[in-house]
Number of protein chains: 2
Amino acid sequence: MIAGAKDGRYHHGDLRAALVDAAIALIAERGVRGFSLAEASRRVGVSAAAPYRHFADRDELLAAVAVRGLHLFATMATSEAGDTADPRQRLAAMTRAYVRFAAEQRPLFDALYSAGLDKARYPYLQRAWAPVAAYRAVIEEICAGDVVAADALADALESAAHGHATLLLDACNVHDRDAVTAAADKAAAAALALIDGRQALLRRALTASDQR
Amino acid sequence: MIAGAKDGRYHHGDLRAALVDAAIALIAERGVRGFSLAEASRRVGVSAAAPYRHFADRDELLAAVAVRGLHLFATMATSEAGDTADPRQRLAAMTRAYVRFAAEQRPLFDALYSAGLDKARYPYLQRAWAPVAAYRAVIEEICAGDVVAADALADALESAAHGHATLLLDACNVHDRDAVTAAADKAAAAALALIDGRQALLRRALTASDQR
DNA sequence: GTCTATACCCGGATAGAC
DNA sequence: GTCTATCCGGGTATAGAC
């Protein structure tokens, strides 16, 4: 039952939130491509024109879903890391959370990365990444304040997490809990391997310029 | 001028190939989401119904684009590796090729990963991955025949390459050659770091079961 | 066998009534 | 703030010309 529904119809409730909920359910069932404003409206019980009071167009509703996703990811990441003191283990936990978020909240992850949203159009979406950047401090701790090394490691860790997440979603449906756990473990292990082997992240830049 | 065009119209040429070419150009301009069979038909100079003689639906044309992409990637990967003997450097080169392929042939990469194609429907697409699997031998060489270690390293390397590629495409338009080179270098460096730190890929599995 | 013409449904988006 | 009505454009399917 949708909050705000009265006498079989939706009226003067929080239509905006109801549409976001419906969008998430719809993306879960049919993917981002199968999502439409019209169908979301139908499910909430309003006309196809109603959403345009709250969203300029289809993409803006998807952006709202993406923002909710970022908030949830920030929560999951800090929760997964818990009170782990070791910075290596904290980064591994964050990486595991990244993969678990993608799998357990696939519609939100898809809205973030597979919706083809024009980044420039949604500055608030950019800003919603801010909490995630907190982990930068952990990386610098490991790199003992070396900013260049921290940059390199940060990119490598983000890419590893993202790669494991997207390939997992590509390969299977997400209800296979074991597959999700396995992928999350692999990603966490890759994070630790990157940290341990991080000397190579810098050496490479040197040999590249040597070759010129 | 499109091959097979006569008297201003397209007739009895290789319509299938012409549609694949048009699809690639269209995806390059508007992305996978902006691609439509109707627009592709228009560009080739045939009616909107004509493609249905060659493709069951929109997705089947995208799958044809994806297959072409896999062939091209296999070529780029072997070319980039060249005659490098060191297995470490061969894997780094392959990773660099992965990122360069994504950037330089973005429409093909998008057809492969962002088109939302149903894998089960296109067994020939699955088979087209075969040439890529050749690099498995290089990984086993590094792991001295240890199959478990090779599995772990293979997953980590693929994920790293894929993560760097997708985040690059997400972040910028691809015509910035320097950004592409930088991302490819980072990915190659990450591959070397993963190889060097690969002990952690296996240790992780142990500590995970220890925690239970 | 290949393509054209056409009819149908659906989603996106806007204008104006309530 | 939501509804009805409406326009536009794309995808699907088929009948029939060549």
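FYI, side chains are in, hydrogens and waters are out, and symmetry mates aren't considered; it's all heavy atoms of this structure. The sequence lines fix the lettering, A, B, ..., with proteins before strands; numbering per chain opens at 1.
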Quiz item: Who are the ring-ring contact (aromatic ring centres under 6.0 Å, His included) partners of A:Y113, not counting sequence neighbours?
Solution: A:F109, A:H162
Rounded interatomic separation in angstrom, taking [atom1] from [X] and [atom2] from [N]:
| X | N | atom1 | atom2 | result |
| --- | --- | --- | --- | --- |
| A:L61 | C:dG11 | CG | P | 15 Å |
| A:R58 | C:dT14 | CZ | C1' | 19 Å |
| A:R42 | C:dC10 | CZ | P | 8 Å |
| A:E60 | C:dA13 | CD | P | 11 Å |
| A:L37 | C:dT14 | CG | C1' | 14 Å |
| B:L19 | D:dG11 | CG | P | 13 Å |
| A:D57 | C:dG12 | CG | P | 10 Å |

Quiz prompt | Residues touching DNA chain C, which here means a heavy atom under 4.0 Å, drawn from residues 48-56 of chain B | solution = B:A49, B:A50, B:R53, B:H54
For [X], what residues pass the side chain to side chain contact (heavy atoms under 4.5 Å, CB included) criterion, not counting sequence neighbours?
| X | answer |
| --- | --- |
| A:S47 | A:A49, A:A50 |
| B:D118 | B:A120, B:R121 |
| A:A48 | none |

Quiz item: Are A:D21 and A:R68 within salt-bridge range, i.e. N to O under 4.0 Å?
Solution: yes
Quiz item: Could A:R90 and A:E141 be called an ion pair, given the rule that one side-chain N must be under 4.0 Å from one carboxylate O?
Solution: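 Judged by the 4.0 Å cut-off on N to carboxylate O distance, A:R90 and A:E141 do not form a salt bridge.
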Quiz prompt | From A:V65, A:V32, A:L62, A:I24, residue fulfilling side-chain contact (heavy atoms from CB on, under 4.5 Å) relative to A:D110 | solution = A:V32
Practice problem: Kindly say if B:S36 contacts the phosphate of D:dG11, meaning a side-chain N or O under 4.0 Å from OP1 or OP2. | Solution: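 Yes.
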Quiz item: How far does CG of A:L192 sit from CZ of A:R88, to the nearest 0.5 angstrom?
Solution: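 Interatomic distance, A:L192 CG to A:R88 CZ, rounded to 0.5 Å: 4.5 Å.
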Quiz item: Rounded to the nearest 0.5 Å, what separation is found between the CZ atom of A:R100 and the CG atom of A:L168?
Solution: 12.5 Å
Quiz prompt | Residues in contact with DNA chain D, drawn from residues 118-125 of chain B - heavy-atom cutoff 4.0 Å | solution = none
